[in-house]
Amino acid sequence: QVPLVESGGGLVQAGGSLRLSCAASGRTFNNYAMGWFRQALGDEREFVAGISWRGGSTYYADSVKGRFTISRDSAKNMMYLQMNSLKPEDTAIYYCVADESIRAVVATPHYWGQGTQVTVSS
């Protein structure tokens, strides 16, 4: 059973917004750092954003800084990615990830969701 389930992807015009959600099922990830990766067609997976287990520290790829915001609600075992000012180059499958440390989340996270498609039209 995949412990992380993403939702909220879809088709949006450039300049628009989407909010991705990640639900932890089957176990709690309250003590885990979490984050988001993405993979565009023909490209490798790349780190997008990460958040520490308490939510006090956040990290972003340069390409999304100032446009995306990561957050988490430990009481609900949920994590979110608010994406604003979307660009066509943001088109990708977005994956929710988790691991014991933020360093692992940024580099090689252990737990992965199955992904949700985000498509930004020009």
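Owing to the predicted nature of the structure, the values given are computational and were not obtained by experimental measurement. Basis for what follows: all heavy atoms, side chains included, without hydrogens, waters or symmetry-related copies.
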OG/Ser101 to OH/Tyr32 distance, rounded to the nearest 0.5 angstrom? 11.0 Å

Could you give the distance from CD (Glu44) to CD (Gln39), rounded to the nearest 0.5 Å? 8.5 Å

On a heavy-atom basis, which atom in Ala98 and which in Val105 lie closest, and how many Å separate them? C-CG2, 4.1 Å

Under the side chain to side chain contact (heavy atoms under 4.5 Å, CB included) rule, what do Val118 and Met83 come out as? Steps first, then yes or no, please. CA-CA 10 Å; Val118 171; Met83 305 185 296; 3.9 Å; yes

Any side-chain heavy atom of Gln82 within less than 4.5 Å of one from Ser71? no

Using 0.5 Å steps for rounding, measure from the CG atom of Leu41 to the CD atom of Gln117. 9.0 Å

For Asp99 versus Thr108, what's the shortest heavy-atom pair and its separation? OD2-O, 3.7 Å

First locate atom CG of Leu81, then atom SG of Cys22, and finally report the distance between them rounded to the nearest 0.5 Å. 10.5 Å

Flag yes if Met78 and Ile51 sit in one hydrophobic cluster, no otherwise; membership is Ile, Leu, Val, Met, Phe, Trp, Tyr, and two members link when side-chain heavy atoms are under 4.5 Å apart. no

Min side-chain heavy-atom separation Met79-Trp36 under 4.5 Å: yes

Would you please indicate yes or no on a ring centroid separation below 6.0 angstrom for Tyr95 and Trp112? yes

Taking only residues two or more places apart in sequence, or in another chain, which ones meet Arg54 in a side chain to side chain contact (heavy atoms under 4.5 Å, CB included)? none

Checking the side chain of Arg72 only, and the main-chain atoms of Gly55 only, is there a donor and an acceptor separated by less than 3.5 Å? no

For Glu100, I'd like to know if atom CD has over 12 heavy atoms of other residues, nucleotides or ligands within 6.0 Å. no

Would you say Tyr111 and Met34 make side-chain contact, with heavy atoms under 4.5 Å? no

On a heavy-atom basis, which atom in Ala14 and which in Pro88 lie closest, and how many Å separate them? CB-CD, 4.1 Å

Can you tell me how far the OG atom of Ser17 sits from the CZ atom of Phe68, to the nearest 0.5 Å? 9.5 Å

I would like to know whether Gln13 and Leu86 meet side chain to side chain contact (heavy atoms under 4.5 Å, CB included); could you show each step before the answer? CA-CA 8 Å; Gln13 289 188 333; Leu86 282 162; over 6 Å; no

Using 0.5 Å steps for rounding, measure from the OG1 atom of Thr91 to the CZ atom of Arg38. 9.0 Å

Closest non-hydrogen atom pair, Asp90 against Arg67: OD2-NH1, 2.7 Å

Ring center gap for Tyr59 and Phe47 short of 6.0 angstrom: no

Is the shortest heavy-atom distance from the side chain of Arg19 to the side chain of Tyr80 under 4.5 Å? yes

Just jot down the salt bridge (charged side-chain N to carboxylate O under 4.0 Å, His left out) partners of Asp62, sequence neighbours excluded, or say none. Lys65

Give a yes or no on whether the backbone of Phe29 and the side-chain of Asn77 come within a donor-acceptor separation of less than 3.5 Å. yes

Any chain of hydrophobic side-chain contacts (each under 4.5 Å) joining Leu20 to Ile70? yes

Trp53 vs Ile102 side-chain heavy atoms within contact, under 4.5 Å: no

Cys96 and Leu4 have their tightest heavy-atom pair at O-CD1, 3.7 Å

Sequence neighbours left out, what passes side-chain hydrogen bond (donor to acceptor under 3.5 Å, both in side chains) with Lys76? Give chain and number order. none

Between Glu6 (side chain only) and Gln114 (backbone N and O only), is there a donor and an acceptor less than 3.5 Å apart? yes

Compare all side-chain heavy atoms of Phe37 with those of Ile93 and state whether any distance is below 4.5 angstrom. no

